[in-house]
Asker: 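Input: one structure, supplied below.
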Number of protein chains: 2
Amino acid sequence: MPDTPTVTAHGQISRPTPLRQAVYEALTELIINGSLKPGRHLVEAELAESLGVSRQPIREALQRLQTAGWVDLRPSQGAFVHSPTTQECAQLLSVRALLETHSARGAARHATARDVARLWELQQTGLAALAAGDARAIVEANAALHGHITLLSRNAVLDELIPQVDRRVRWYYMPIAKPRGKDAWNEHARIIEAIGEGAADRAEELMRRHTRNTTDFYCEQIAAVAGRDD
Amino acid sequence: MPDTPTVTAHGQISRPTPLRQAVYEALTELIINGSLKPGRHLVEAELAESLGVSRQPIREALQRLQTAGWVDLRPSQGAFVHSPTTQECAQLLSVRALLETHSARGAARHATARDVARLWELQQTGLAALAAGDARAIVEANAALHGHITLLSRNAVLDELIPQVDRRVRWYYMPIAKPRGKDAWNEHARIIEAIGEGAADRAEELMRRHTRNTTDFYCEQIAAVAGRDD
DNA sequence: ATGCAGAATACTGTATGCAATCATCATTCG
DNA sequence: CGAATGATGATTGCATACAGTATTCTGCAT
């Protein structure tokens with residue numbers, strides 16, 4: 001994909017994409033897909049050369065990666081890919097549950113018919129991915145759906161905070177996406193219905209249960225795995 | 001104060017503080033105390049000169065300031081001090097309520113006697129500031145108390161997220177700190193009691209009411225002011 | 001063999017310079 | 001007289017160079 005100016009879907013004019021942004025996206029991708037493993041020392045000069053840019057945009061991207069929780073930045077030592085603990089994953093999921101529950105309520109209050117139609121489209125995408133058994137596509141569709149619900153909540157603060165939590169959850173979520181899949185997408189359907197009817201309380205409660213189910217499922221899976229090698 | 005390595009109170013060895021950190025703190029201070037007003041264009045070269053450093057640390061600090069919500073960073077145009085809308089303040093307060101409620105529950109479950117004693121100390125500091133009528137000190141003590149509760153929740157994710165929300169709330173909160181004061185600190189006392197007894201449910205509920213009261217109070221005040229000049 | 005001291009190396013932190021981009025203002029044409 | 005257009009100055013984005021610090025390796029004494 002060339003870095004020439006492009007036009008977004010909304011007809012917005014595109015400012016030339018800063019390199020630091022491209023670097024940020026490239027690095028998150030490398031971390032998510034496992035090319036850069038947790039704990040690995042990220043040397044600025046290496047990254048700069050392999051991505052074909054200077055150290056400056058690398059440094060700026062690393063700053064953002066730190067606040068997003070992808071890397072740990074230790075003074076005069078450099079950047080290290082963040083190593084998640086199972087404890088942290090559980091905390092991340094529980095915080096996500098809080099925030100998304102709140103956003104479901106907001107979505108139910110603000111969504112238009114058009115918005116809801118879009119949610120059903122995303123739901124279809126997810127079901128297709130589930131049928132195809134593509135874990136990566138499932139996780140992506142899941143993130144897209146949840147992200148759109150957040151958008152519909154019309155809450156700028158949530159919209160800023162949730163991605164920070166959610167993208168990381170997405171990372172940890174990958175291994176359990178398939179087994180959890182069927183139930184999760186049934187729950188999605190009922191949440192969308194509630195949003196479509198503007199039933200704020202019901203949407204909130206359904207989302208609360210949905211995220212709690214996901215959290216529980218995750219913890220069980222982890223416990224099962226931990227039991228094997230402890 | 002020289003920047004030679006010193007030893008902190010916890011016996012930790014202090015890595016030399018990067019300039020970007022100092023710049024970050026200096027700029028937040030300037031924004032909070034009003035020297036840099038919302039909407040103002042922050043020119044890198046100006047800041048660099050006035051702080052006596054080069055543009056590089058300034059740029060890195062601006063990156064962090066953006067993710068923390070203090071400034072808006074528009075590509076190839078530079079940084080602008082974020083202009084909060086009343087709507088955004090309300091959203092910020094409601095999200096803070098969610099997160100702090102959750103952290104109060106965690107604190108009640110994990111706090112030791114020593115931790116609780118520390119909370120009472122902070123409470124005393126707050127009462128003293130209240131008696132002195134020093135709005136700035138009140139806000140600071142309030143932030144310190146809430147921050148310590150978050151710490152006690154032993155939840156790394158909350159500990160990372162709440163400051164992002166809380167520091168901004170602190171900013172908006174300044175004007176209403178005094179009138180809200182008395183009630184707020186009474187509520188604090190009961191929350192601390194609940195934490196001391198390890199009563200998670202009660203601590204959670206008290207915190208929920210406390211943050212809701214604060215939110216309501218803020219909205220009323222804003223409405224009153226808006227009524228005047230609309 | 002083991003622990004320690006010191007030098008060498010590698011990396012980060014900071015400063016500076018140059019090119020690309022944007023906003024502003026004067027100018028010209030309808 | 002107003003609007004479109006081109007030139008100019010200011011500012012950001014990126015690259016490179018240098019200084020300070022941490023880590024590692026080697027050699028030596030115990």
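These numbers come from the heavy atoms of this one structure, side chains and all, not from hydrogens, waters or symmetry mates. Here is the naming used below: chain letters follow the sequence lines, and residue numbers restart at 1 for every chain.
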Asker: How close or far is atom P of dT12(C) from atom CZ of Arg74(A), stated in whole angstroms?
Answerer: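 In whole Å, dT12(C) P lies 12 Å from Arg74(A) CZ.
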
Asker: From dT12(D), dA15(C), dA15(D), pick the nucleotide closest to the side chain of Pro57(A)?
Answerer: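 Closest nucleotide to the Pro57(A) side chain: dA15(D).
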
Asker: Side chain of Val53(B), heavy atoms from C-beta onward: which of dT11(D), dA15(D), dA15(C) has the nearest atom to it?
Answerer: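 Of all the options, the side chain of Val53(B) is nearest to dA15(C).
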
Asker: Roughly how many Å is it from CG in Leu19(B) to C1' in dC18(D), rounded to a whole number?
Answerer: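 Nearest whole value for this atom pair: 15 Å.
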
Asker: CD of Glu44(B) versus P of dG17(C): gap in Å, rounded?
Answerer: 16 Å

Asker: Atom CD in Gln124(A), atom CG in Leu119(A): separation rounded to 0.5 Å?
Answerer: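 Gln124(A) CD to Leu119(A) CG: 12.0 Å, rounded to 0.5 Å.
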
Asker: Does the side chain of His41(B) get closer than 4.0 angstrom to OP1 or OP2 of dT12(D) through an N or O atom?
Answerer: yes

Asker: With no hydrogens and no angle check, is any side-chain donor or acceptor of Asp115(B) less than 3.5 Å from a backbone partner on Thr112(B)?
Answerer: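 It does hold such a pair.
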
Asker: Arg20(A) side chain N/O closer than 4.0 Å to the phosphate oxygens (OP1, OP2) of dG13(D)?
Answerer: yes

Asker: Rounded to the nearest angstrom, tell me the gap between atom CD in Glu60(B) and atom P in dG13(C).
Answerer: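 My rounded result for the distance is 8 Å.
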
Asker: Looking at every strand, decide which applies to Arg55(B) at a 4.0 Å heavy-atom threshold: base, sugar-phosphate, or nothing.
Answerer: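 Touches a base.
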
Asker: Measure from CD on Gln66(B) to C1' on dT12(D) and round the result to the nearest Å.
Answerer: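 Going from Gln66(B) (CD) to dT12(D) (C1'), I get 14 Å.
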
Asker: Could you tell me how far apart Leu73(A) (CG) and dC11(C) (P) are, to the nearest whole angstrom?
Answerer: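 It is 16 Å, rounded to the nearest whole Å.
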
Asker: Counting any heavy atom closer than 4.0 Å, what does Leu42(B) reach on the DNA or RNA strands: base, sugar-phosphate only, or nothing?
Answerer: sugar-phosphate

Asker: Would you check if the side chain of Gln91(A) reaches a backbone N or O of Arg154(B) as a donor-acceptor pair within less than 3.5 Å?
Answerer: yes

Asker: Counting only side-chain nitrogens and oxygens, does Gln77(A) get under 4.0 Å of the OP1 or OP2 atom of dT23(D)?
Answerer: yes

Asker: Can you tell whether the side chains of Arg136(B) and Glu29(B) come within less than 4.0 Å, N to carboxylate O?
Answerer: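 Looking at Glu29(B) together with Arg136(B), the answer is yes, because their closest N to O distance falls below 4.0 Å.
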
Asker: Which residue lies toward the 5' end of DNA chain D, Gly52(A) or Gly78(B), if each is placed at its nearest nucleotide?
Answerer: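 On the 5' side of the pair lies Gly78(B).
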
Asker: CD of Glu49(A) versus P of dC11(C): gap in Å, rounded?
Answerer: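 Rounded to whole Å, this separation is 12 Å.
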
Asker: OP1, OP2 of dG13(C) versus side-chain N and O of Arg59(A): anything below 4.0 Å?
Answerer: yes

Asker: Parallel, tilted or perpendicular: which describes the rings of His188(A) and His146(A), with under 30° parallel and over 60° perpendicular?
Answerer: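 It falls in the perpendicular class, over 60°.
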
Asker: For dT21(C), take OP1 and OP2 only and decide whether either is under 4.0 Å from a side-chain N or O of Ser76(B).
Answerer: no

Asker: Please report the distance, rounded to the nearest Å, between CG in Leu51(A) and C1' in dA15(D).
Answerer: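 About 15 Å, once rounded to whole Å.
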
Asker: Identify whether any heavy atom of Gln56(B) sits under 4.0 Å from a base atom; if not, whether one sits that close to sugar-phosphate; answer base, sugar-phosphate or nothing.
Answerer: base

